[in-house]
Each structure stands twice: as C-alpha cells, then as structure tokens.
Amino acid sequence: MAHESSSPRGFWLVKSEPDCYSIDDLKRDKRTAWTGVRNYQARNFMRDGMKIGDLVLYHHSGSEPPGIVGIARVCSAPHADETAQDPKDDHYDPKSTRDDPIWMCVDIEFVRKFDDILSMAELKAHKSLASMLVLQRGQRLSVMPVDETHFRIVEQMAEKSARSAASTGR
DNA sequence: GCCAACGTTGGC
DNA sequence: GCCAACGTTGGC
C-alpha cells in the first residue's frame with residue numbers, strides 16, 4: 001500500500017455491561033485484561049488484529065441508553081485469558097488448558113471518558129456513521145473493528161458535546 | 001453434514 | 001418484555 005505509514009494504528013470497539021465492568025472501573029484500575037470474551041470472531045480480532053497503541057471505543061451495552069462512553073488503548077500483546085482455566089469463574093471453559101489456552105485477550109488502558117455518553121440514537125442520527133458496524137441491526141460482536149473515519153467522527157462528536165456542555169454551564 | 005431446537009446478546 | 005440475529009448442541 002502506498003500510504004502504509006499514514007495509518008499506523010488500528011481502531012476498535014469493545015462492549016461491556018457497565019454493571020459488569022464500566023468505563024469508571026477502567027479509569028479506577030488504569031488498565032485491565034479484557035477477559036471473558038467467548039466468541040471466536042471477537043477473540044480473533046484481539047489475538048490477530050489488535051496491536052499495542054491501537055485505540056478502542058468503549059461501549060456500554062444493556063444500559064439506558066446504550067452508547068459509547070469513552071476511549072481506551074491496547075497496551076499488551078495478546079495473551080491467554082486465564083479466567084477460562086478457573087473453574088470458579090463465570091467464563092470457565094474446560095476445553096481451554098494451559099498448553100492450549102483457546103481463549104486469548106489483550107490488556108487495555110484508560111484514555112478518557114466522554115463528558116456525556118454518545119447514545120446509539122445520536123450515533124445513528126449521524127449520516128456518515130451509517131455503515132459503522134456497531135450500529136448495524138442485530139450485530140452482537142463484543143469486539144469489532146472500527147473504520148478510522150468513523151472513529152474520528154465519534155471523537156469529534158464527543159468534543160462537540162463537551163463544548164456545548166461547558167458553554168451552557170452544565 | 002444437515003438442521004431443528006435452544007441459548008445468548010443486546011437494542012428497542 | 002419482545003424479538004432479531006447468531007452461535008452452539010445434538011439427534012439423525
């Protein structure tokens with residue numbers, strides 16, 4: 001590719017139920033291993049696609065409203081998801097062994113939390129995000145790639161809502 | 001290997 | 001609470 005060096009990073013989106021692990025939990029912990037993913041496609045994105053430094057949109061699912069609440073960054077190479085080997089863990093998988101871990105994850109670190117959630121309704125209202133994967137009907141992946149153009153638009157939307165919040169004294 | 005039944009995710 | 005979209009399971 002002619003302009004390989006102009007796009008050095010990948011862009012991703014991860015989902016989490018805030019009751020399970022929210023952006024505030026990530027902010028408190030600074031970083032965490034993104035464990036518990038038990039879908040092969042999602043695992044493959046972490047194992048084969050994610051690189052240290054890639055930026056990640058953090059999505060709250062099952063919340064009211066659901067939407068993107070901040071940004072994280074990939075901060076480790078892929079490694080075994082140890083929760084798969086823990087019989088007491090909800091995500092225990094007896095098929096996963098120390099020799100053949102099956103389930104892999106990366107670590108992500110907190111970058112920032114948006115002042116306001118960007119709800120799916122708001123995102124869907126933005127025409128240039130129409131093809132964004134997370135907005136497609138019935139799409140259930142918990143780890144997925146994001147186009148850089150979509151990522152930048154989301155960043156701008158977050159900035160804009162922060163500015164309007166500041167100007168109205170909210 | 002097919003396919004129906006079932007379970008899960010997650011928006012609405 | 002409903003339902004769409006899958007992934008998984010298991011009988012055949």
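Below, chains carry the letters A, B, ... as their sequence lines are ordered, and counting in each starts from 1.
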Whole-Å gap separating P (C/dC6) and CE (A/Met144)
12 Å
Whole angstrom value for the distance that separates P of C/dT9 from CZ of A/Arg38:
14 Å
Mind checking the CG-CH2 spacing from A/Asp54 to A/Trp12? Nearest 0.5 Å is all I need.
6.5 Å
Whole angstrom value for the distance that separates P of B/dT8 from CG of A/Leu141:
18 Å
Whole angstrom is fine here: how far is it from CZ in A/Arg43 over to P in C/dT8?
11 Å
Counting side-chain heavy atoms from C-beta on, which of B/dG10, B/dT9, B/dG11 comes nearest to A/Ser142?
B/dG10
For A/Asp90 and B/dT9, what is the distance between atoms CG and P respectively, to the nearest whole Å?
11 Å
Taking only the side-chain nitrogens and oxygens of A/His60, find out if one of them lies under 4.0 Å from OP1 or OP2 of B/dG11.
no
Which atom of A/Ala42 lies closest to which atom of A/Leu141, heavy atoms considered
N-CD2, 3.9 Å
Are A/Trp34 and A/Tyr58 an aromatic pair, judged by ring center distance below 6.0 Å?
yes
Under the 3.5 angstrom rule, does the side chain of A/Ser61 hit a backbone N or O of A/Lys15 as a donor-acceptor pair?
no
Would you please confirm or rule out a distance under 4.0 Å between OP1 or OP2 of B/dG10 and any side-chain N or O of A/Lys15?
yes
Figure out the CZ/P separation between A/Arg140 and C/dA4, and round it to whole Å.
14 Å
Nearest to the side chain of A/Arg137 - B/dG10, C/dA4, B/dT8?
C/dA4
From B/dG11, C/dT8, B/dG7, nucleotide with atom closest to A/Ser61 side chain:
B/dG11
Between A/Asp25 and A/Ser22 (side chain of the first, backbone of the second, donor and acceptor by atom type, cut-off under 3.5 Å), is there such a pair?
yes
Between CD of A/Gln136 and P of B/dC12 the distance, given in whole Å, is 11 Å
Rounded to whole Å, the NZ-C1' distance (A/Lys124 to B/dC12) equals 8 Å
Using the side-chain heavy atoms of A/Tyr40, tell me which of these nucleotides is nearest: B/dT8, B/dG11, C/dT8.
C/dT8
